Amino acid sequence: MTVNSKFSNALIMWYLINQRDLPWRSSKNPYLIWLSEIILQQTRIAQGTSYYEKFVNEFIDIFALAKADEKHILKLWQGLGYYSRARNLHATAKIIVDKYQGQFPETYAELISLKGVGDYTASAIASIAFDQPHAVVDGNVYRVLSRVFGISTPINESKGIKEFKLLAQKLLHTEDPGTYNQALMEFGALVCTPKNPKCDSCIFNDSCYALQKRTIDKLPVKLKKLTVKKRYFNYLVVDDNGESTILKQRHQKDIWMNLFEFPLYETEQILEDETELEHFIHRDLMIEGTYSIKKYNEFPILHKLTHQTLYASFWIIKPKGRFKNPVAWEDLKQMALPVLLQNFVDKYQSLN
DNA sequence: AAAACGGGGAA
DNA sequence: TTCCCAGTTTT
């Protein structure tokens with residue numbers, strides 16, 4: 001028995017006993033595998049599972065998903081983040097229906113050409129749904145392989161990306177690549193965890209390089225730190241006695257693309273009073289001039305994203321006359337809102 | 001090659 | 001706080 005098959009056999013044995021019972025594991029339907037993989041990109045199982053259930057219940061197959069409105073899909077996606085995944089999900093569903101007659105392509109090359117499907121997801125679908133020999137490399141795989149084999153090449157530079165992909169591919173259990181891939185990821189999620197890995201009960205604790213060298217907490221190596229910029233958002237919340245408000249859809253290439261929000265006035269720093277807002281309100285919101293305005297939150301609400309920290313102030317505007325493009329508050333239930341906005345709406349409505 | 005893209009949970 | 005999650009796309 002080779003070193004490689006020893007590794008994959010041990011892993012698969014461990015997996016058959018210790019795997020979690022997850023909803024997408026009961027099927028090899030490529031639609032369900034694809035859906036679960038998109039949802040789980042950069043997302044914990046615990047967070048993604050309920051979304052998977054929602055989507056499966058709402059869209060039983062690729063045809064149902066392709067026919068849906070993007071607004072509907074975004075609403076179901078609300079709170080999961082990285083909303084380009086939802087937009088690409090819809091675009092790809094249409095492509096599968098229109099170009100492939102609803103049948104998922106089975107080759108890696110065709111799969112990776114789909115929107116929102118990169119090397120990881122193409123490999124996952126090809127191996128899990130179609131038993132093809134493509135190794136996945138996700139965060140779990142980087143961690144397990146870097147520790148067990150003592151590889152300190154940075155995982156976020158091209159050299160490391162290639163090296164780990166090559167190693168994962170070399171270790172691949174070609175008889176059952178789907179199970180091998182899932183086993184490796186599951187092992188990283190349950191045993192070889194980022195903090196406090198369970199080395200005592202680890203099946204590789206007699207050979208693990210990092211454990212022997214006491215470098216578990218040094219691996220995998222990840223370089224670079226991200227820069228976080230600050231932004232100051234002033235949301236203008238028109239409230240016509242709880243009847244209607246004004247909502248805008250974001251279209252710019254920016255955070256939350258295609259989600260809805262109240263009219264936004266962004267500033268370079270925290271806005272203390274409303275004088276700077278008045279021109280904007282009159283020009284973009286009001287048809288007839290008079291209204292009252294009051295700051296809702298004394299201190300800006302902090303909302304942290306990966307690359308930016310948002311400081312949000314909400315200004316409540318009670319119009320005396322008509323205003324442009326009113327939307328019933330009731331209709332907000334259908335619109336996808338960023339979590340920051342949904343939290344505000346929930347709090348605001350509980351007070352009225 | 002680097003930066004952007006969400007939100008949440010664990011330590 | 002910091003890290004990072006079944007990564008991909010754009011710059």
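By convention in this document, chain letters (A, B, ...) are assigned in the order of the sequence lines, proteins followed by strands, and residues within each chain are numbered from 1. For clarity, every value in this text was computed on a predicted model and none was experimentally measured.
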Tell me: [atom1] of [X] to [atom2] of [N], nearest whole Å?
X      : N     : atom1 : atom2 : answer
A:L40  : C:dA6 : CG    : C1'   : 5 Å
A:L226 : B:dA1 : CG    : C1'   : 16 Å
A:R20  : C:dC5 : CZ    : C1'   : 11 Å
A:Q308 : B:dA3 : CD    : P     : 15 Å
A:N156 : C:dC3 : CG    : C1'   : 13 Å
A:H307 : C:dT9 : NE2   : P     : 17 Å
A:I39  : C:dA6 : CD1   : C1'   : 12 Å
A:I112 : C:dT8 : CD1   : C1'   : 10 Å

* With A:F149, which of A:F204, A:F7, A:Y209 fulfils ring-ring contact (aromatic ring centres under 6.0 Å, His included)? ->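 Of all the options given, the one that passes is A:F7.
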* More than 12 foreign heavy atoms under 6.0 Å from CZ of A:R214: is that the case here? -> no
* Asked: Hey, is CD on A:E268 packed in by over 12 heavy atoms from elsewhere, all under 6.0 Å?
  ->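 Atom CD in A:E268 is not crowded, with 12 or fewer foreign heavy atoms closer than 6.0 Å.
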Ring centres of [X] and [Y] under 6.0 Å apart?
X      : Y      : answer
A:F164 : A:Y142 : yes
A:F314 : A:Y348 : no
A:W77  : A:Y51  : no
A:H279 : A:Y265 : no

* Reckon A:R143 has a side-chain N or O less than 4.0 Å from the OP1 or OP2 of C:dC4? -> no
* For atom P, what is the distance between C:dT8 and B:dG8, given to the nearest Å? -> 22 Å
* Asked: Mind checking the P distance from C:dA6 to B:dA11? Whole angstroms is fine.
  ->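 So the two P atoms sit 14 Å from each other.
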* To do: Assign A:E157 to base, sugar-phosphate, or nothing according to its heavy-atom contacts below 4.0 angstrom with the strands shown.
  => nothing
* Asked: Across the strands shown, which category fits A:W77 at heavy-atom distances under 4.0 angstrom: base, sugar-phosphate, nothing?
  ->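 Nothing, no heavy atom under 4.0 Å.
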* Encode nucleotides 6-11 of chain B as B, S and - characters from 5' to 3', where the letter depends on protein heavy atoms closer than 4.0 Å: B to the base, S only to sugar-phosphate, - to neither. => BBBB-S
* Structure fact -> Residues of residues 116-136 of chain A with a heavy atom under 4.0 Å from any atom of DNA chain B, listed by number, are none
* Return the nearest nucleotide to the side chain of A:D138; candidates are C:dG7, B:dA1, C:dC5. => C:dG7
* Asked: Quick one: NE2 on A:H90 to CZ on A:F59, what's the gap to the nearest 0.5 Å?
  -> 7.5 Å
* **Separation of A:I33 CD1 from A:S127 OG (nearest 0.5 Å)** => 9.0 Å
